[in-house]
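Worksheet: one structure, shown below.
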Protein chains: 2
Amino acid sequence: MLKLSRLTDYAVAALVRLSAAEGVETSPGIAAAIGIPEPTVAKVLKILAGQGLVLSTRGARGGYRLSRPLSSITVAEIIVAIDGPIALTSCVEGSGGVCESLLRCPVAGRWDPVNTAIRSALQNISLSDMAHAALPRGLRMSEVA
Amino acid sequence: MLKLSRLTDYAVAALVRLSAAEGVETSPGIAAAIGIPEPTVAKVLKILAGQGLVLSTRGARGGYRLSRPLSSITVAEIIVAIDGPIALTSCVEGSGGVCESLLRCPVAGRWDPVNTAIRSALQNISLSDMAHAALPRGLRMSEVA
DNA sequence: GGCAATCAGGACCTTATTTGTCCTATTAAC
DNA sequence: GTTAATAGGACAAATAAGGTCCTGATTGCC
């Protein structure tokens, strides 16, 4: 169905929430604010922290805060952080495993333009675009619908 | 991992193959040509026929053929045919079921720009672009990488 | 008219992925 | 030292995808 994981959705919600909080907020606090179970939110934040999208402070009075403004975080970054590299087909995963029908496959390697087009589209949408429900820079609704 | 289903991959391979065959080809014939098990290829072809992307002829000497040239079939069409509508999050599926955290969700409905950007990107790549490993019309590699 | 080839449609089982939860260790404030 | 908080990983359950097979309908050929 070409959809992204639910965790990515949670990540966006958490980041937007963090931006609104303007400071350090704890995992349970964020969970309550966006209405998602705490353990799950904690998991997402840990991943985001590992990728450097949020900064964490441990210990009492600790919590998470954004490492940069929403406007400089792209949707592509979040997807990569949570779901891994954006590669629509296994052919381009570069994971060493070669598709067994490669020799006969008439489209071997041909998904690359599709992958790059998707990446490009996602890199041009920042989280602040989403927070404001606006269109990405340079695009008009007529070009996109 | 934001990937599309393997069946979509098979569909592309089958359609490109059908284009090369230039005429009617049977399901087993296509399966042999692209190196994918026959039952699975048959399943894909049935879906494609149902969506009008290929025309089928029943009975002896029957088979499948393209309904239009490759250049007028977009990647988006294939994905929609196999995987259903392109909607990255369940929020926008429009399936009547309302997300239970909708009221608190700070990004409710905000994925729309992302979805439209993805659709736009996929609609600008035709199967003939893939068959030739070329870039979609109007785009240069520098704009996409 | 009968036989063989071929698509149509759906049921079904198996496997892989994703979710969500929990447990233990570590860190820092008071 | 106690409490509040993150770090990291292990794990079971739920969901989705993939693949196979069976039965029925249609058409060409002998």
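Values below: all heavy atoms of this structure, side chains included; hydrogens, waters and symmetry mates excluded. Here is how names work: the chains are called A, B, and so on, in the same order as the sequence lines, proteins then strands, and each is numbered from 1. Predicted, not measured: the structure shown is a model, and the values here were computed from it.
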Please report the interatomic distance [atom1]([X]) to [atom2]([Y]), rounded to the nearest 0.5 Å.
X	Y	atom1	atom2	result
A:Ser120	A:Asn115	OG	CG	12.0 Å
B:Ile82	B:Gln51	CD1	CD	8.0 Å
A:Ile118	A:Ile86	CD1	CD1	8.5 Å

Close side-chain approach of A:Val54 and A:Leu18, heavy atoms under 4.5 Å: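 Yes; the side chains approach each other to less than 4.5 Å.
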* Asked: Under a 4.5 Å cut-off applied to non-hydrogen side-chain atoms, are B:Tyr10 and B:Val41 in contact?
  -> no
If one requires at least 3 consecutive Watson-Crick or G-U pairs with distances under 3.5 Å, the stems of DNA chain C turn out to be C:1-30 with D:1-30
Next item on the list: Let me see the working for A:Leu2 and B:Leu2 under side-chain contact (heavy atoms from CB on, under 4.5 Å), right down to the final yes or no.
Entry: CA-CA 6 Å; A:Leu2 185 57; B:Leu2 186 56; 3.8 Å; yes
Any luck finding a side-chain donor-acceptor pair between A:Asp83 and A:Thr8 under 3.5 Å?
yes
Round to a whole Å and report the spacing from [atom1] of [X] to [atom2] of [N].
X	N	atom1	atom2	value
A:Ile82	C:dG20	CD1	P	12 Å
A:Tyr64	C:dT27	OH	P	15 Å
B:Leu2	C:dT17	CG	P	16 Å
A:Ile30	D:dA5	CD1	P	12 Å
A:Lys3	D:dA16	NZ	P	6 Å
A:Glu38	C:dC23	CD	C1'	14 Å
B:Asp9	D:dA17	CG	P	15 Å

Return a table of donor-acceptor pairs under 3.5 angstrom between the side chains of residues 20-35 of chain B and protein atoms on other chains or two or more places apart.
| from | atom 1 | to | atom 2 | distance (Å) |
| --- | --- | --- | --- | --- |
| B:Glu25 | OE1 | B:Arg17 | NE | 3.2 |
| B:Glu25 | OE2 | B:Arg17 | NH2 | 3.0 |
| B:Thr26 | OG1 | B:Gly29 | N | 3.1 |
| B:Ser27 | OG | B:Glu38 | OE2 | 2.9 |

In 5'-to-3' order, the base (B), backbone-only (S) or no-contact (-) status of each nucleotide in nucleotides 24-30 of chain D, using a 4.0 angstrom heavy-atom cut-off, is BBBBSS-
For A:Arg65, the salt bridge (Lys or Arg N to Asp or Glu O under 4.0 Å) test, sequence neighbours excluded, returns none
Sequence neighbours excluded, the answer for salt bridge (Lys or Arg N to Asp or Glu O under 4.0 Å) partners of A:Arg68 is A:Glu77
Exercise. Please work out which residues in residues 41-55 of chain A have a non-hydrogen atom less than 4.0 Å from an atom of DNA chain D and list them by number.
Key: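 The stretch gives A:Lys46 as the residues lying under 4.0 Å from the strand, ordered by number.
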- Query: Backbone N or O of A:Ser126 within a donor-acceptor pair of the A:Asp129 side chain at under 3.5 Å?
  - Reply: yes
Next on the checklist: Please check: side-chain N/O of A:Ser67 versus main-chain N/O of A:Gly52, any donor-acceptor pairing under 3.5 Å?
Outcome noted: yes
Examine [N]: is either OP1 or OP2 under 4.0 Å from a nitrogen or oxygen in the side chain of [X]? Give yes or no.
X	N	value
B:Thr40	D:dT20	yes
B:Arg6	D:dG19	yes
A:Thr26	D:dT6	no
B:Tyr10	D:dA17	no

Assign each of B:Ser56 and A:Pro39 the nucleotide of DNA chain C bearing its closest heavy atom; nearer the 5' end lies the nucleotide of B:Ser56
